[in-house]
There are 2 protein chains.
Amino acid sequence: MNDTMTARWLDSDQQAHWRAFLSGTTRLFERLDRQLRERSGISLAEYEILVRLSEAPGQHLRMAELASSLAHSRSRITHTVARLEAAGAVIRQACPSDGRGVLALLTDGGMRMLVDAAPGHVDAVRGYLVDVASPADFEAVGRVFGATADLLADDS
Amino acid sequence: MNDTMTARWLDSDQQAHWRAFLSGTTRLFERLDRQLRERSGISLAEYEILVRLSEAPGQHLRMAELASSLAHSRSRITHTVARLEAAGAVIRQACPSDGRGVLALLTDGGMRMLVDAAPGHVDAVRGYLVDVASPADFEAVGRVFGATADLLADDS
DNA sequence: TAGAGATAGTTGACGATTGAACTAAACAGC
DNA sequence: GCTGTTTAGTTCAATCGTCAACTATCTCTA
């Protein structure tokens, strides 16, 4: 956002789309989070961390890699990983190649939590978002928020 | 989500779109909230309440109308309106037609806060979302999340 | 090879959101 | 017109996220 930016207001269609987006995402995240908590006892943020760790070679990632991958603050990652560690889903260990670094390592128990949670979560993502959109519309969603994410990438 | 739902996993394109959406919205909301706080001293949630009140006839709405319009919990609306009241942006008064009800009424000061905040906020919404999407793609976003919002409407 | 600055991560205090329990008023059926 | 049930809103405690301060390590340059 800089001083040369002078665009104003949204037209009424744009405003309707923007408000649909606000309302839809608010309800969607609330529902996904609640469903995960009720069925598997983990939050959406915790779930996403487990997913990233499960995909990583050796099932471990640096804290900063988790932070940038999820677009969460470092502090938030510290707190969330601490909760996951208390729940036995993750272990922390020093990073061998960088004395400042910390690796979060998925445990077998963490993998079981993920395997337990994933089907219901994916069903929910499908049922409330993916499958209510046409393939072309869902692609458009990916394009739009990919562009937004790039624009707001960490160095911006 | 019901028992007959058996769809599984997302294909790799769908997963890429879903993650772009997660990352894009996370960054977008974080940025919009921070920009509003820095430039105008209000949160995004507070801003949205001021907008709804400013559009309402008589510049007032019931608490429950705010809650369903923003898809926020009643408890959250109570807290947020309390903060706005402390900031002098809103006044609460008993609802004349329903003894249980409470009206949130926008003050002149609240209207000034909104007028001050709105241009920068709209520029940000444009700059980080609306204008990075083609018109057709942004329409698709509206369609998709409109459908999600309907599906997850309060009685679901 | 100092020393300055940048980077990684944690901590603690504070603010915001949630969910459950609660009060009070409205409504429905008899 | 009671009585039981819904609905509106608030309150409290607990959880989660943010921000600023802090330690430790790494990197760059002279």
Side-chain angles (χ1 to χ4, degrees), chain A residues 22 25-38 41-49 60-87 90-105 154-155, chain B residues 22 25-38 41-49 60-87 90-105 154-155:
Chain A
L22 275 182
T25 52
T26 300
R27 294 178 203 268
L28 178 63
F29 288 133
E30 191 276 334
R31 180 64 63 103
L32 294 178
D33 190 64
R34 196 152 47 80
Q35 198 247 19
L36 275 170
R37 287 177 192 278
E38 286 173 0
I42 58 177
S43 69
L44 181 55
E46 288 162 356
Y47 176 87
E48 288 296 326
I49 287 180
H60 58 76
L61 287 172
R62 298 273 303 258
M63 301 296 275
E65 292 176 311
L66 283 171
S68 74
S69 167
L70 298 180
H72 290 178
S73 68
R74 289 219 173 87
S75 171
R76 183 176 179 181
I77 293 293
T78 294
H79 290 304
T80 309
V81 167
R83 285 190 291 273
L84 285 170
E85 191 172 30
V90 156
I91 289 174
R92 284 209 278 236
Q93 50 184 224
C95 175
S97 63
D98 185 339
R100 299 165 301 179
V102 170
L103 295 177
L105 168 61
D154 295 326
D155 53 304
Chain B
L22 276 181
T25 52
T26 300
R27 293 177 204 269
L28 178 62
F29 287 133
E30 190 276 335
R31 180 66 62 104
L32 293 178
D33 189 65
R34 194 152 48 81
Q35 197 246 20
L36 275 170
R37 286 178 193 277
E38 285 172 0
I42 58 177
S43 69
L44 181 55
E46 289 162 355
Y47 176 87
E48 287 296 327
I49 287 180
H60 58 75
L61 287 171
R62 298 272 302 257
M63 300 297 274
E65 292 176 312
L66 284 171
S68 74
S69 167
L70 298 180
H72 290 178
S73 69
R74 286 172 198 277
S75 172
R76 183 176 179 182
I77 293 293
T78 294
H79 289 303
T80 311
V81 167
R83 264 177 263 132
L84 285 169
E85 190 172 31
V90 155
I91 289 173
R92 282 209 279 234
Q93 50 184 224
C95 175
S97 64
D98 185 338
R100 299 166 301 180
V102 170
L103 295 177
L105 168 62
D154 294 326
D155 54 301

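Both backbone and side-chain heavy atoms feed into the values below; hydrogens, waters and symmetry mates do not.
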Is the backbone N or O of [Y] less than 3.5 Å from a side-chain atom of [X], with the two atoms forming a donor-acceptor pair by type?
X       : Y       : value
A:Glu48 : A:Ala45 : no
A:Asp33 : A:Ser43 : no
A:Glu38 : A:Gln35 : no
A:Thr25 : A:Leu22 : yes

Determine, stepwise, if the pair B:Arg76 / B:Leu70 fulfils side chain to side chain contact (heavy atoms under 4.5 Å, CB included).
CA-CA 10 Å; B:Arg76 183 176 179 182; B:Leu70 298 180; over 6 Å; no
What's the [atom1]-[atom2] distance between [X] and [N], to the nearest Å?
X       : N      : atom1 : atom2 : value
A:Asp33 : C:dA16 : CG    : P     : 20 Å
A:Arg31 : C:dT18 : CZ    : C1'   : 16 Å
A:Arg62 : D:dA24 : CZ    : P     : 18 Å
A:Phe29 : C:dT18 : CZ    : C1'   : 17 Å
A:Met63 : D:dA24 : CE    : P     : 18 Å
B:Glu65 : D:dG9  : CD    : P     : 8 Å
A:Leu44 : C:dT17 : CG    : C1'   : 15 Å
A:Leu66 : C:dA8  : CG    : P     : 13 Å

Nearest heavy-atom pair of [X] and [Y]: which atoms, and what distance?
X        : Y        : answer
B:Arg34  : B:Glu30  : NE-OE2, 2.8 Å
A:Ala104 : A:Met63  : CB-SD, 4.3 Å
B:Leu103 : B:Ala94  : CD1-O, 4.3 Å
A:Arg92  : A:Val102 : CD-CG1, 3.6 Å
A:Glu46  : A:Gly41  : OE1-O, 4.4 Å

Given C:dT10, C:dG19, D:dG9, which nucleotide is nearest the side-chain atoms of A:Val102?
C:dT10
Protein-proximity profile, nucleotides 12-17 of chain D, B/S/- by nucleotide at the 4.0 Å heavy-atom cutoff, equals B---SS
Evaluation steps, side chain to side chain contact (heavy atoms under 4.5 Å, CB included), between A:Thr80 and A:Ile49:
CA-CA 9 Å; A:Thr80 309; A:Ile49 287 180; 3.7 Å; yes
May I ask you to list the residues of residues 90-100 of chain B, by number, that have any heavy atom positioned under 4.0 Å from an atom of DNA chain D?
B:Arg92, B:Arg100
End-to-end bend of the helix from C:dT1-D:dA30 to C:dC30-D:dG1 (five-pair axes, 10° rounding)?
30°
Does a side-chain N or O of B:Arg74 approach OP1 or OP2 of D:dT7 to a distance below 4.0 Å, or not?
no
